Amino acid sequence: QVQLVESGGGLVQAGGSLRVSCAASGRTFSLYAMGWFRQPPGKEREFVAAISWSGSSTTYADSVKGRFTISRDNAKNTVYLQMNSLKPEDTAVYYCATSSGGLPRRNYEYDYWGQGTQVTVSS
């Protein structure tokens, strides 16, 4: 009973920055760990980042570590993904998802998913 809506995607040049957002409604947002995943064209969905319910713990895929930052604002029921130093390889549909426990990295360990937002990075 959670609804997630991603926003903030768009077209950006390589080296640029973009922040995508995920607004949640339904059940108490602060009780869920949150994750970001992405699916490039023709490829499988892959883990990007995750954050604990309190925001005190985060984890990142090696491909984005040092460039992306996940954060959350429980008062606004929103999780963010700040993307810096973007590369063409970052082009994908970005999805947010909820987890009932832990800080998982595998997509099947998440419970609810948003519809995704497209991020395109040009060369």
Side-chain angles (χ1 to χ4, degrees):
Q1 194 181 337
V2 176
Q3 297 81 46
L4 304 172
V5 180
E6 299 94 337
S7 63
L11 176 64
V12 63
Q13 292 184 339
S17 298
L18 199 65
R19 187 172 79 162
V20 291
S21 302
C22 175
S25 63
R27 300 176 69 179
T28 304
F29 175 74
S30 61
L31 296 178
Y32 294 93
M34 299 292 298
W36 282 99
F37 291 78
R38 66 187 183 186
Q39 187 166 19
K43 296 184 178 181
E44 297 180 350
R45 183 171 50 185
E46 64 183 19
F47 173 79
V48 176
I51 187 168
S52 64
W53 68 269
S54 67
S56 61
S57 298
T58 59
T59 187
Y60 298 89
D62 289 341
S63 60
V64 306
K65 193 172 185 178
R67 300 188 297 120
F68 290 11
T69 303
I70 188 172
S71 62
R72 68 190 299 161
D73 186 340
N74 289 342
K76 297 181 179 179
N77 290 348
T78 302
V79 63
Y80 306 94
L81 185 68
Q82 177 67 48
M83 301 179 287
N84 299 327
S85 301
L86 282 163
K87 306 174 181 179
E89 306 94 273
D90 296 319
T91 295
V93 177
Y94 282 72
Y95 300 91
C96 65
T98 66
S99 174
S100 297
L103 208 61
R105 288 172 165 263
R106 287 154 288 189
N107 55 47
Y108 60 82
E109 295 180 283
Y110 286 80
D111 304 306
Y112 298 95
W113 296 81
Q115 293 298 115
T117 186
Q118 175 70 230
V119 173
T120 302
V121 184
S122 62
S123 300

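Here, residue 1 is the first one in the sequence, and each next residue gets the next number. All figures in this text were calculated on a predicted structure; none of them were measured in a lab.
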Task: Heavy-atom side-chain contact between M83 and W36 under 4.5 Å - done: no
Task: Worked check of side-chain contact (heavy atoms from CB on, under 4.5 Å) between T98 and L4 - done: CA-CA 9 Å; T98 66; L4 304 172; 3.8 Å; yes
- [ ] Enter the distance from R19:CZ to T69:OG1 here, rounded to the nearest 0.5 Å.
- [x] 11.0 Å
- [ ] State the OG-NZ distance between S123 and K87, to the nearest 0.5 angstrom.
- [x] 13.0 Å
Open item on the list: What verdict does the side-chain contact (heavy atoms from CB on, under 4.5 Å) test give for S7 and T117, after you've listed the backbone C-alpha separation in whole Å, the side-chain angles of each residue and the deciding distance to 0.1 Å?
Closed with: CA-CA 6 Å; S7 63; T117 186; 5.6 Å; no
- [ ] List the atom of A33, the atom of L103, and the distance in Å for their closest heavy-atom pair.
- [x] CB-CD1, 4.4 Å
TODO: First locate atom SG of C96, then atom CD1 of I51, and finally report the distance between them rounded to the nearest 0.5 Å.
DONE: 12.5 Å
Open item on the list: Just so I know, are the side chains of C22 and Y94 near enough to count as touching, which here means a heavy-atom distance under 4.5 Å?
Closed with: no
- [ ] Would you confirm whether T78, through its side chain, and A23, through its main-chain N or O, come within 3.5 Å as a donor-acceptor pair?
- [x] no
Task: N/O donor-acceptor pair under 3.5 Å between E6 side chain and V20 backbone - done: no
Task: ILVMFWY network linking W53 to M34, side-chain heavy atoms under 4.5 angstrom - done: no
Open item on the list: I'd like to know if the side chain of R105 and the backbone of V48 have a donor-acceptor N/O pair within less than 3.5 Å.
Closed with: no
TODO: Drop me the distance from L18's CG to N84's CG, to the nearest 0.5 angstrom.
DONE: 10.0 Å
Open item on the list: D111 vs V2, test: side-chain contact (heavy atoms from CB on, under 4.5 Å). Steps then yes/no.
Closed with: CA-CA 9 Å; D111 304 306; V2 176; over 6 Å; no
Open item on the list: Using every non-hydrogen atom in the two residues, find where Y80 and S21 come nearest and quote the distance to one decimal.
Closed with: CD2-OG, 3.3 Å
- [ ] Find out whether S17 and Q82 are in side-chain contact, i.e. whether some heavy atom of one side chain is under 4.5 Å from a heavy atom of the other.
- [x] yes
TODO: Indicate the ring-plane relationship of Y110 and F37, choosing parallel, tilted or perpendicular according to the 30° and 60° boundaries.
DONE: perpendicular
TODO: Would you give the length of the straight line joining atom NZ of K65 to atom OG1 of T58, rounded to the nearest 0.5 angstrom?
DONE: 9.0 Å
Task: Atom pair CG (N107) and OG (S99), whose distance is rounded to the nearest 0.5 Å - done: 12.0 Å
Task: V64 with V119, same ILVMFWY side-chain cluster at under 4.5 Å - done: yes
- [ ] Side-chain contact test, heavy atoms from C-beta onward, threshold under 4.5 Å: evaluate it for S100 versus Y32 and give yes or no.
- [x] yes
Open item on the list: Has S56 got a side-chain atom pairing as donor or acceptor with S54's backbone, closer than 3.5 angstrom?
Closed with: no
Task: Heavy-atom side-chain contact between Q118 and L11 under 4.5 Å - done: no
Open item on the list: Looking at every non-hydrogen atom in both residues, tell me the closest pair between P88 and A14 and how far apart they are.
Closed with: CD-CB, 4.1 Å
Task: Co-membership, hydrophobic cluster, residues L81 and V121, 4.5 Å side-chain - done: yes
Open item on the list: Do E46 and R38 have side chains that approach each other closer than 4.5 Å (heavy atoms only, starting at C-beta)?
Closed with: yes
Task: For the student: nearest non-hydrogen atoms of P104 and E109, plus distance - done: CB-OE1, 3.3 Å
Task: Donor-acceptor contact below 3.5 Å, side chain R67 vs main chain S85 - done: yes
Open item on the list: For a 4.5 angstrom cut-off between non-hydrogen side-chain atoms, does F68 reach L86?
Closed with: yes
